[in-house]
Amino acid sequence: MLNKFARAFFTKIFTPLAAFLIRRGVSPDAVTLVGTAGVVAGALVFFPRGSFFWGTVVITLFVFSDLVDGNMARQLGRTSAWGAFLDSTLDRVADAAIFGGLAMWYAGRGDNELLCAVAIFCLASGQVVSYTKARAESQGLPCKVNGVVERAERLVGTLVAAGFSGLHQFGVPYIEWLLPIALWLVAAGSLVTVLQRMLTVRREAAEQAALVGGGR
């Protein structure tokens with residue numbers, strides 16, 4: 001959903017930056033690694049302390065590396081299976097750090113076991129959303145469905161809510177409720193997306209089996 005529009009928009013914005021980094025001899029893999037390290041640091045240093053605004057600022061600055069490294073690879077003509085694998089793997093690490101940091105806050109000073117569990121569910125279900133498609137494709141099934149909540153929706157919804165919730169520290173009243181609401185929505189949307197993909201793959205597997213059986 002958001003991927004289709006946001007990526008096209010930000011690709012135009014970050015093309016000059018990608019070209020600049022290439023001229024300086026920076027590799028796409030280096031950008032991927034630095035970006036992931038920045039996201040992980042921002043999430044695990046700020047979120048467990050309840051500093052959601054500054055944590056979101058730091059994470060947002062680094063999360064755009066996901067667009068810059070791909071742009072660099074395309075400009076260099078070096079798109080490869082390794083680059084795609086590294087990018088996808090580190091995306092999972094970054095996602096785990098973000099929701100893990102939120103879970104640590106609610107398990108500690110946030111003192112809310114239910115929201116801690118919801119954050120952990122968001123972490124786990126997000127990994128499963130990615131896994132279902134990758135597993136289906138490894139078995140020759142296209143998994144032709146995106147679902148209501150993909151990675152972009154999970155990150156944007158959670159980070160926007162976390163950033164605004166952090167304004168509570170600056171005296172903005174009642175805004176801290178945005179983050180719990182966002183976590184519940186992401187959890188519900190991720191569950192629906194997993195079910196959508198499972199049902200789609202089940203149908204595709206049945207169609208594939210019917211074609212194999214019919215060809216004998």
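The basis for the numbers below is simple: all heavy atoms, side chains too, and nothing from hydrogens, waters or symmetry mates.
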Discussion item. Check whether Q139 reaches the backbone of A205 with its side chain - one donor and one acceptor, N or O, closer than 3.5 Å.
Written reply: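 No: the side chain of Q139 does not pair with the backbone of A205.
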Worksheet item: Would you say R109's side chain and W105's backbone share a donor-acceptor pair under 3.5 angstrom?
Response: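 Not confirmed, R109 side chain does not pair with W105 backbone.
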Worksheet entry | Check against side chain to side chain contact (heavy atoms under 4.5 Å, CB included), D29 and W82 | CA-CA 10 Å; D29 287 353; W82 161 249; 3.0 Å; yes
Can you find a heavy atom in the side chain of [X] that is under 4.5 Å from one in the side chain of [Y]?
X    : Y    : result
V148 : E153 : no
L199 : V145 : no
L159 : I59  : yes
V57  : F46  : no
R197 : V129 : yes
L17  : V68  : yes
Q196 : V192 : yes
R203 : E207 : yes

What's the shortest heavy-atom distance between [X] and [Y], and which atoms?
X    : Y    : result
G50  : Q169 : O-NE2, 3.6 Å
S190 : S125 : CB-OG, 3.2 Å
D95  : L155 : OD1-CD2, 3.7 Å
M72  : A18  : CG-CB, 3.5 Å
T60  : T56  : OG1-O, 2.7 Å
G189 : V149 : CA-CG2, 3.4 Å

Quick one: [atom1] on [X] to [atom2] on [Y], what's the gap to the nearest 0.5 Å?
X    : Y    : atom1 : atom2 : answer
F121 : L183 : CZ    : CG    : 12.0 Å
F62  : T36  : CZ    : OG1   : 10.5 Å
M198 : T200 : CE    : OG1   : 11.0 Å
T193 : R154 : OG1   : CZ    : 8.0 Å
C122 : Q127 : SG    : CD    : 11.5 Å
S130 : R151 : OG    : CZ    : 8.0 Å

Do [X] and [Y] sit in the same hydrophobic cluster, where Ile, Leu, Val, Met, Phe, Trp and Tyr count as joined when their side-chain heavy atoms come under 4.5 Å apart?
X    : Y    : value
V34  : L90  : no
L33  : V93  : yes
V45  : V63  : yes
F170 : L178 : yes
L67  : L76  : yes

Worksheet item: Given the rule in the side chain to side chain contact (heavy atoms under 4.5 Å, CB included) test, do L179 and F164 qualify, once you have shown the distances and angles that lead to the verdict?
Response: CA-CA 8 Å; L179 181 56; F164 278 110; over 6 Å; no
Worksheet item: Taking it one step at a time, do L102 and T158 satisfy side chain to side chain contact (heavy atoms under 4.5 Å, CB included)?
Response: CA-CA 10 Å; L102 294 173; T158 302; 3.7 Å; yes
Worksheet item: Are F47 and F52 close enough, and set up right, to give a ring-ring contact (aromatic ring centres under 6.0 Å, His included), and what steps lead you there?
Response: CA-CA 6 Å; F47 282 179; F52 297 131; 5.6 Å; yes
Fill in: Y174 atom OH, over 12 foreign heavy atoms within 6.0 Å
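No, not enclosed.
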Item to complete: Could you check V172 against F53 for side chain to side chain contact (heavy atoms under 4.5 Å, CB included), going step by step and ending with a plain yes or no?
Response: CA-CA 12 Å; V172 180; F53 177 79; over 6 Å; no
Item to complete: Determine the sole option in N112, V118, L114, I120 for which the side-chain contact (heavy atoms from CB on, under 4.5 Å) test with C116 is passed.
Response: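 Of the listed options, the one satisfying the test is I120.
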Item to complete: Could you tell me how the ring of F64 sits relative to the ring of F14: parallel (under 30°), tilted (30 to 60°) or perpendicular (over 60°)?
Response: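 Rings of F64 and F14: tilted, 30 to 60°.
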